[in-house]
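Reviewing the structure listed below.
In each ligand, atom 1 is the first atom listed, and ligand 1 is the first ligand listed.
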Amino acid sequence: PRPIELLNSAVTDTAAARRTIGVKNAVVHWFKWDLRTSDNRALCLASEKARKAGVPLIALYVLSPQDFDAHLTSPARVDFMLRTLGVLKTDLAKLDIPLWVEPVDKRRDVPGRVMELMAKWGASHLFANVEYEVDELRREAKLVRECAEKGIAVEPVHDTCIVPPGQLTTNAGKQYAVYSPWFRSWIRHIHENLELLELSDPPGPNPTSTRALFATLFDCDIPQAPESKSLSVEEAKRFRALWPAGEHEAMKRLGKFCEEDVGNYGNNRNLPSVPGTSNLSVHFASGTLSTRTAVRTARDRNKTKRLDGGNEGIQKWISEIAWRDFYKHVLVHWPYICMNKPFKPEYSNIEWSYNKEHFDAWARGRTGFPIVDAAMRQLTNMGWMHNRCRMVVASFLSKDLLLDWRMGERFFMEHLIDGDFASNNCGWGFAASVGVDPQPYFRIFNPLLQSEKFDPDGEYIRKWVPELKGIEGKAIHDPYGRGAGDRARKAGYPKPIVDHKGARARALAAYKKGIDSG
Ligand code: FAD
């Protein structure tokens, strides 16, 4: 069975037992990547349960360095999360709700430790929003069953997608593997079930006696990042200035984007030198903002008051947010993509290159392809890269360099502040033509054409590749091929590490051979 089915059956099998469990001393909400108080489904249900029973709500966060390692969580993302926990702790304390952060060395110990804490606090009900990665679903399924045996009710809640995975099927009852029909169905489903866009209430205050009852929990400090995920002083300063943490910052950014930029999103979203996208991915990935809130806010600004029709920028932005839902649906239905397998099994036999020099040149932004290098330097500097450039560098790695796309996928996760397994894995699968993309593998981006089209004046390149600052006109896109080679060489900028035309032919042959032998 798929991991989601394990969870669903655990929930069904224990339903009767869980119903009989009465509320004891406290109700717990377990925060994961849903680090906000507003519009948080599980937190809202936990708060209601506690309020009705007149007992305190306790907030829990389990800090598991092994989970970070397993998911390749970047140090920037860990830092963002820890800063967000600080914001949450302050906000919750104003409501007399303690936030307890529990460090756990071994990830396999997480469920046991959660149960120990529940027992120690005399808590009977645990609410948590579902995470859709394979290990997380299995862990949750086990927790639901083991807790029910011990008289603890675990309530997993669907929150992170606007439409929970599994609800959209084709006329033949199958899951969609192609975005466009899935998106039409997504829109239709939401319009028919408008409660999916209802926002959840923030938690109410705890009884004031909570302070005395759970005094030690209020003293919990937010820990430092584990050694393997710590940032240098310079990096911490840079990331903190770029990405202020917490849900209030997310709401500010959402408000500004919807006020000033969403209308032009359709025109600007592909231009990496223009700040035309929302920069909200870090907030969606950390759960400091729900996509429900974002889509609802955008929809309410649309004169049609619908997700479709009306303002084109708004429609387009909503359709991009929908990609995030789509990829999570894909992950839930085809969980083997979590196991390093391509979505299209017939692409399993491609003979990838593992050329270390090529990979290093790509990773360091030294390929001699200015648009690729600018993008890779943006990634390592900001922990973020423009979407158009993510596609360009992913195509370059997997097609021009014929490197195993999983090397690029991994490098992204290790550096992105918005790293999200489903979006990243599927984005890479899409660019490498091994994922949910109906386009055939012979669609190969030409980095030069991409550069000319989407960074026509070379502004983005000049920003991130200072060696090329002095190069004017079209030569910026290809200095060695367009008469600016001497200048580029003097400034220390490398020659192209491959010839695109030859690399393209090599990729086509390797893909064909791989598929034919499959
Ligand atoms: P906006 O253009 O403002 O879009 C709004 C939101 O919609 C984004 O914040 C994001 O949540 C969602 N979104 C937009 N485009 C996509 C998309 N193609 N796929 C999934 N969701 C999308 N996004 C991540 O959040 N985490 C990742 O790890 C990630 N890895 C990627 C890897 C590759 C190879 C590619 C091609 C794309 C990846 N994306 C990832 C998707 C996309 O590039 C980013 O979401 C986007 O650049 C974030 O900037 P923004 O918030 O300004 O986006």
- May I ask you to establish whether Lys399 and Tyr511 are in a cation-pi arrangement, using a distance under 6.0 Å from NZ or CZ to the six-membered ring centre and at most 45° from the ring axis?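 Checked: cation-pi criterion met.
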- Test the Arg253-Trp243 pair against the cation-pi criterion, namely NZ or CZ under 6.0 angstrom from the six-membered ring centroid and within 45° of the ring axis. no
Residue and atom name of the nearest protein heavy atom (relative to [atom]), distance in Å to one decimal:
atom: atom 42 (C) of ligand 1; result: Asn387 OD1, 3.3 Å
atom: atom 26 (N) of ligand 1; result: Asp418 O, 2.9 Å
atom: atom 21 (N) of ligand 1; result: Arg324 N, 3.6 Å
atom: atom 23 (N) of ligand 1; result: Ser423 CB, 3.7 Å
atom: atom 28 (O) of ligand 1; result: Asp420 N, 3.0 Å
atom: atom 15 (N) of ligand 1; result: Glu320 OE1, 3.2 Å
atom: atom 39 (N) of ligand 1; result: Arg390 NH1, 3.7 Å
atom: atom 32 (C) of ligand 1; result: Asn424 OD1, 3.3 Å

Give a yes/no on ligand 1: does [X] have at least one heavy atom closer than 4.0 angstrom to it?
X: His283; answer: no
X: Arg269; answer: no
X: Phe421; answer: no
X: Trp384; answer: yes
X: Ala285; answer: no

What I want to know is whether [X] and ligand 1 share at least one N or O pair that is separated by under 3.5 angstrom.
X: Tyr265; value: yes
X: Trp323; value: no
X: Asn279; value: yes
X: Leu280; value: yes

- List every atom of ligand 1 that sits less than 4.0 Å from any heavy atom of Ser281, numbering the atoms from 1 in the order shown and giving each element. 9 (O), 25 (O), 48 (C), 49 (O), 51 (O)
- Message: Using a 4.0 Å cutoff against the non-hydrogen atoms of Ile321, which atoms of ligand 1 qualify?
- Response: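 Checking each atom against Ile321, I get 5 (C), 6 (C), 7 (O), 12 (C).
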If you measure from each non-hydrogen atom of [X] to ligand 1, which part falls under 4.0 Å: side chain, backbone, both or neither?
X: Met385; result: backbone
X: Thr291; result: neither
X: Trp428; result: both
X: Tyr327; result: side chain

- Worked check of side chain to side chain donor-acceptor pair (under 3.5 Å) between Asp400 and His500: CA-CA 6 Å; Asp400 285 75; His500 173 68; 2.6 Å; yes
- Among Ser278, Gly435, Cys426, closest by any non-hydrogen atom to atom 53 (O) of ligand 1: Ser278
- Give the single entry among Trp405, Phe284, Phe326 that approaches atom 10 (C) of ligand 1 most closely by any heavy atom. Phe284
NZ/NE/NH1/NH2 to OD/OE distance under 4.0 Å, [X] and [Y]:
X: Asp67; Y: Arg139; value: yes
X: Arg390; Y: Asp418; value: yes
X: Asp159; Y: Arg36; value: yes

- Message: Any non-hydrogen side-chain atom of Met407 less than 4.5 Å from a side-chain atom of Phe412?
- Response: no
- Item | Residue pair His29 / Asn40, side-chain heavy-atom distance below 4.5 Å | yes
- Query: Is the Trp317 ring parallel, tilted or perpendicular to the Phe284 ring (thresholds 30°, 60°)?
  - Reply: tilted
- According to the interplanar angle, ranging from 0 to 90°, do the rings of Tyr179 and Phe183 count as parallel (below 30°), tilted (30 to 60°) or perpendicular (above 60°)?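 Answer is parallel, since the angle falls under 30°.
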- Examine distances only and state if a side-chain atom of Asp499 and a backbone atom of Gly502 form a donor-acceptor pair shorter than 3.5 Å.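 Side chain of Asp499 to backbone of Gly502, a donor-acceptor pair under 3.5 Å: yes, one is there.
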- Message: Checking the side chain of Asn355 only, and the main-chain atoms of His358 only, is there a donor and an acceptor separated by less than 3.5 Å?
- Response: yes
- Query: Mind checking what makes side-chain contact (heavy atoms from CB on, under 4.5 Å) contact with Arg238, not counting sequence neighbours?
  - Reply: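 Testing Arg238 for side-chain contact (heavy atoms from CB on, under 4.5 Å), a comparison that skips the adjacent residues, returns Glu234, Glu235, Leu242, Asn381.
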- Task: In sequence, state the C-alpha distance, the side-chain angles, and the governing distance for Ile515 and Tyr347, and then conclude on side-chain contact (heavy atoms from CB on, under 4.5 Å).
- Result: CA-CA 6 Å; Ile515 296 165; Tyr347 283 61; 3.6 Å; yes
